[in-house]
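These notes concern the structure reproduced below.
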Amino acid sequence: MERIGIYPGSFDPPTLGHLDIVERAAALVDRLVVGIGVNSSKHAFLAEEHRLQAMKESTAHLKHVEVEVFNGLLINFAREKGGMVLVRGLRAVTDYDFEFRIAMANRSMAPEIETVFLLARDEYSFLASSVVREVATLGGDYRRWVPEPVIAHMEAKLSGKD
Ligand code: ADP
């Protein structure tokens with residue numbers, strides 16, 4: 001049976017920390033689906049098409065990785081995709097509380113789906129999409145923190161073209 005992993009997140013924008021988790025998770029499963037969660041009540045920085053394209057372009061070198069947008073409950077998306085493993089990244093202890101609650105809620109609703117956590121690499125342990133957005137908006141050089149294909153999508157947004 002094919003082992004399918006789901007890596008959900010906002011990816012607003014995708015960072016090198018996210019890409020590192022994608023690469024490491026992809027090595028553990030037969031197929032990895034990166035799910036870009038769209039939450040209409042939350043204001044996004046990059047539009048969903050840009051997040052989708054940016055993540056697709058950033059993972060194009062990984063043949064068994066797919067990227068999709070999803071609405072609604074993560075466990076419904078995971079079941080639809082046949083996913084049995086949810087992958088999340090853990091940076092500092094501050095991530096733990098939030099991740100623990102989500103993982104427990106998901107387990108309660110979908111006991112057949114396991115959540116696994118991959119620890120962030122040292123050099124990305126401070127890196128968050130919010131930091132990238134903030135630095136970029138203030139005119140700082142955020143480029144070192146994102147996969148190369150993400151830059152064009154960020155520039156379109158920053159120049160007001162999107
Ligand atoms: P969410 O909005 O669901 O928290 P994010 O897009 O911020 O989603 O992150 C998706 C997942 O990737 C989360 O599990 C988050 O902890 C993890 N993550 C974010 N940044 C990093 C990083 N620098 N290194 C490792 N994991 C990360």
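Whatever order the structure lists ligands and atoms in, that order sets their numbers, starting from 1. Everything numeric in this text was worked out from a predicted model, so none of it was measured.
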Element-labelled atoms of ligand 1 that are located less than 4.0 Å from some non-hydrogen atom of [X]:
X: F11; value: 6 (O)
X: A120; value: 24 (N), 25 (C)
X: G9; value: 3 (O), 6 (O), 8 (O), 10 (C)

Kindly give the heavy-atom pair with the smallest separation between S108 and P111, and that separation in Å. O-CD, 4.1 Å
If you have a sec, work out which protein heavy atom is nearest atom 15 (C) of ligand 1 and how many Å separate them, to one decimal? G89 O, 3.6 Å
What residue and atom, counting heavy atoms only, is the protein's closest point to atom 4 (O) of ligand 1, and at what distance? R88 NH2, 3.4 Å
Proximity of [X] to ligand 1 by residue part, where a heavy atom lies under 4.0 Å:
X: I21; answer: side chain
X: Y7; answer: side chain
X: P8; answer: backbone
X: R121; answer: neither

Any nitrogen or oxygen of [X] lying under 3.5 Å from a nitrogen or oxygen in ligand 1? Just yes or no.
X: R91; value: yes
X: H18; value: yes
X: S10; value: yes
X: F98; value: no
X: L127; value: yes

Are the charged groups of E155 and R143 less than 4.0 angstrom apart, N to O? yes
Strictly below 4.0 Å, N to O, side chains only: are R79 and E112 in salt-bridge contact? yes
Spacing of [atom1] belonging to [X] relative to [atom2] belonging to [Y], to within rounding of 0.5 Å:
X: T115; Y: L74; atom1: OG1; atom2: CG; result: 8.0 Å
X: E68; Y: F77; atom1: CD; atom2: CZ; result: 4.5 Å
X: I75; Y: M109; atom1: CD1; atom2: CE; result: 4.5 Å

Taking L46's backbone N and O only, do any of them form a donor-acceptor pair with D12's side chain (distance below 3.5 Å, no angle check)? yes
Give a yes or no answer on whether the side chain of D20 reaches the backbone of L16 with a donor-acceptor pair at less than 3.5 Å. no
Parallel, tilted or perpendicular: ring planes of W145 versus F126, cut at 30 and 60 degrees: perpendicular
